[in-house]
Protein chains: 2
Amino acid sequence: MALEHAILVSLLEKPGSGYELARRFERSIGYFWTATHQQIYRVLKRMESDGWVDVREVPQQARPDKKEYSVAALGRTALSGWLHEPIEPESVRHDLAVKIRGAAFDDPAALIREVERHHRTHTDRLAHYLAGERRDFTGPEAPAAPDAGQQLQHVVLRGGIAYERMTIAWLEDVLATLHRLRGEG
Amino acid sequence: MALEHAILVSLLEKPGSGYELARRFERSIGYFWTATHQQIYRVLKRMESDGWVDVREVPQQARPDKKEYSVAALGRTALSGWLHEPIEPESVRHDLAVKIRGAAFDDPAALIREVERHHRTHTDRLAHYLAGERRDFTGPEAPAAPDAGQQLQHVVLRGGIAYERMTIAWLEDVLATLHRLRGEG
DNA sequence: CTTGTCTATGCAACTCGTTGCATAGCAGGA
DNA sequence: TCCTGCTATGCAACGAGTTGCATAGACAAG
């Protein structure tokens, strides 16, 4: 499992609490790795007892205290070890594709609204990624000479952008097919 | 969960045994939904006791007997109900992206071989999909007037092809970035 | 004649991930 | 004042998915 490793990377980029990690997993990290707060708290606890992360109690005013986690030496070693291991190309779980093939045994036209909804979601995500890219990498406030970390973050973001563009184009292909079938049927 | 639904779709396309389903999940269906044989046997058993599928013992010579499953009326109803429910756009799990961002805290150049390996895997998959497309949809043996089911299978396959092409181009972008960083570092 | 491979099914144990619920302080609006 | 919402952490139960192992007949290669 790689949730531990995703957490290590996120904490190396910036230490933070379980709650803050959960919010990051709704945003930047969540573009390629999702996790709920319960999962994060549980895994953080295990990582702490394994000595991968250090904890620091941070008192706060106007809000509850928090535990700030940062990566310990053992955690860096564990991450390094994982980085040098080969991994399998990801396995896919695409509900919509199952639905599209299933539509052959039901009413294909009924899927049109659903596909349109997904199209809107992916269009929104693309706009969100592009805004982030302008803000952090290509806009006037972006660093003139990005360091290695920034270049690597940018190439991952470009992957997200390419994925959304591809998905949007494919959903349009799906819509055209569904409309054509409605005309025929 | 949608494994039940993926099984229903596959059985509607063609009835078969758990073993045959497992093989399909390594091929066509597996392009967008993976499952091991243990998972499939367990879910089939539940679907059978829920009356979603019918079983028929098929004696065979030169090999063990098998249980051939086909979709029952209740299964069709369940599938139809699921098709009319909205689903959330998929959540992503992309180990390689985690590794790429993690490489900022290790040696980026060490990732080059790994990325090249993924590039080869996706190139192979693309070739495999394109061969399937020629065989079933665009080649000389393909049906001149494909029915709804074939058109829907084709649009799903086109999605797989677009995904592989996008991924291959992105991996080349990643490789270029890693080589650039090695030159700088 | 033994070893390996393919079809075919399944159990048991485990880890991973989700859902529902609980607590608790503080802030802002009706 | 009460209700809603945000930060912040966590338990308990369940469901999904993986890994290892077991069985068993038939065939092919060495």
Side-chain angles (χ1 to χ4, degrees), chain A residues 1-7 11 15-27 29-30 32-50 53 55-69 82 87-95 98, chain B residues 1-8 10-11 15-27 29-30 32-50 53 55-69 82 87-95 98:
Chain A
M1 100 119 145
L3 176 57
E4 279 125 328
H5 306 113
I7 289 176
L11 288 180
S17 68
Y19 188 81
E20 283 160 358
L21 280 171
R23 307 205 63 198
R24 288 186 217 169
F25 274 80
E26 286 168 7
R27 320 175 101 264
I29 313 276
F32 51 90
W33 203 276
T34 54
T36 60
H37 78 272
Q38 286 85 349
Q39 225 182 314
I40 291 166
Y41 282 123
R42 205 190 316 159
V43 172
L44 272 176
K45 201 150 259 187
R46 187 173 64 227
M47 291 168 78
E48 189 195 336
S49 75
D50 289 349
V53 291
V55 203
R56 197 169 60 93
E57 283 276 345
V58 178
Q60 298 186 116
Q61 60 267 49
R63 56 183 64 179
D65 297 353
K66 66 174 179 177
K67 298 184 187 173
E68 195 181 76
Y69 290 88
W82 177 70
I87 48 170
E88 287 310 300
E90 358 62 75
S91 49
V92 196
R93 289 285 156 97
H94 207 313
D95 299 64
V98 178
Chain B
M1 97 117 146
L3 176 56
E4 278 126 328
H5 306 113
I7 288 175
L8 286 174
S10 191
L11 288 179
S17 67
Y19 187 82
E20 283 161 358
L21 280 171
R23 307 205 63 199
R24 288 185 217 170
F25 274 79
E26 285 168 8
R27 319 174 103 263
I29 314 276
F32 51 90
W33 203 276
T34 55
T36 60
H37 77 270
Q38 286 85 350
Q39 226 181 314
I40 290 166
Y41 282 122
R42 205 187 320 156
V43 171
L44 272 176
K45 200 149 259 187
R46 187 173 63 227
M47 291 169 78
E48 188 195 334
S49 75
D50 289 350
V53 291
V55 203
R56 197 168 61 93
E57 283 274 347
V58 179
Q60 296 186 117
Q61 60 267 51
R63 57 183 60 180
D65 298 352
K66 65 175 181 178
K67 298 184 186 172
E68 195 181 76
Y69 290 88
W82 178 70
I87 48 169
E88 287 310 299
E90 357 62 73
S91 47
V92 195
R93 290 285 156 96
H94 208 312
D95 299 67
V98 178

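Atoms considered below: every heavy atom in the structure, side chains included; atoms not considered: hydrogens, waters and symmetry mates. Chain naming here is simple, since letters A, B, ... match the order of the sequence lines and numbering starts at 1 in each.
Interface remark: the A/Arg42 side chain does form a donor-acceptor pair with the C/dT18 base, using a distance-only criterion of under 3.5 Å.
Summarising the geometry, the separation between CG on A/Asp65 and P on D/dA8 is reported as 10 Å, rounded to the nearest angstrom. When rounded to the nearest whole Å, the span between NE2 of B/His37 and P of C/dT7 equals 13 Å. When rounded to the nearest whole Å, the span between CZ of A/Arg93 and P of C/dG17 equals 11 Å. In this structure, B/Ile40 places its CD1 atom 12 Å from C1' of D/dG17, rounding to the nearest Å. In this structure, the CD atom of B/Gln60 is 9 Å from the C1' atom of C/dA8, given to the nearest Å. Spacing between atom CZ of B/Arg63 and atom P of D/dC27 amounts to 10 Å, rounded to whole angstrom units. The CZ-C1' distance, from A/Arg23 to D/dT9, rounds to 15 Å in whole Å. Rounded to an integer number of Å, the gap from CD of B/Gln39 to P of C/dG10 is 15 Å.
Under 4.0 angstrom from either OP1 or OP2 of D/dG10 there lies at least one side-chain N or O belonging to A/Lys67. For the pair B/Tyr41 and C/dT9, the criterion of a side-chain N or O lying under 4.0 Å from OP1 or OP2 is met. In this structure, A/Ser17 reaches the D/dT9 phosphate: one of its side-chain N or O atoms is under 4.0 Å from OP1 or OP2. OP1 and OP2 of D/dT9 both lie 4.0 Å or more from every side-chain N or O belonging to A/Tyr19.
Comment: B/Glu20 engages B/Lys66 in a salt bridge, judged by a side-chain N to carboxylate O separation of less than 4.0 angstrom.
Contact of the B/His94 side chain with the A/Trp33 side chain is not registered, since no non-hydrogen atoms from C-beta on lie closer than 4.5 Å. Inter-residue side-chain proximity for B/Glu57 and B/Lys67 is flagged as met; some heavy-atom pair is nearer than 4.5 Å. At least one side-chain heavy atom of B/Leu8 sits under 4.5 Å from a side-chain heavy atom of B/Met47.
Under the side chain to side chain contact (heavy atoms under 4.5 Å, CB included) criterion, B/Arg42 pairs with no residue at all, not counting sequence neighbours.
In this structure, B/Gln38 reaches the bases: a heavy-atom distance under 4.0 Å links it to at least one base atom across the strands shown.
Of the two residues near DNA chain C, A/Pro64 and A/Ala35, the one whose nearest nucleotide lies more 5' is A/Ala35.
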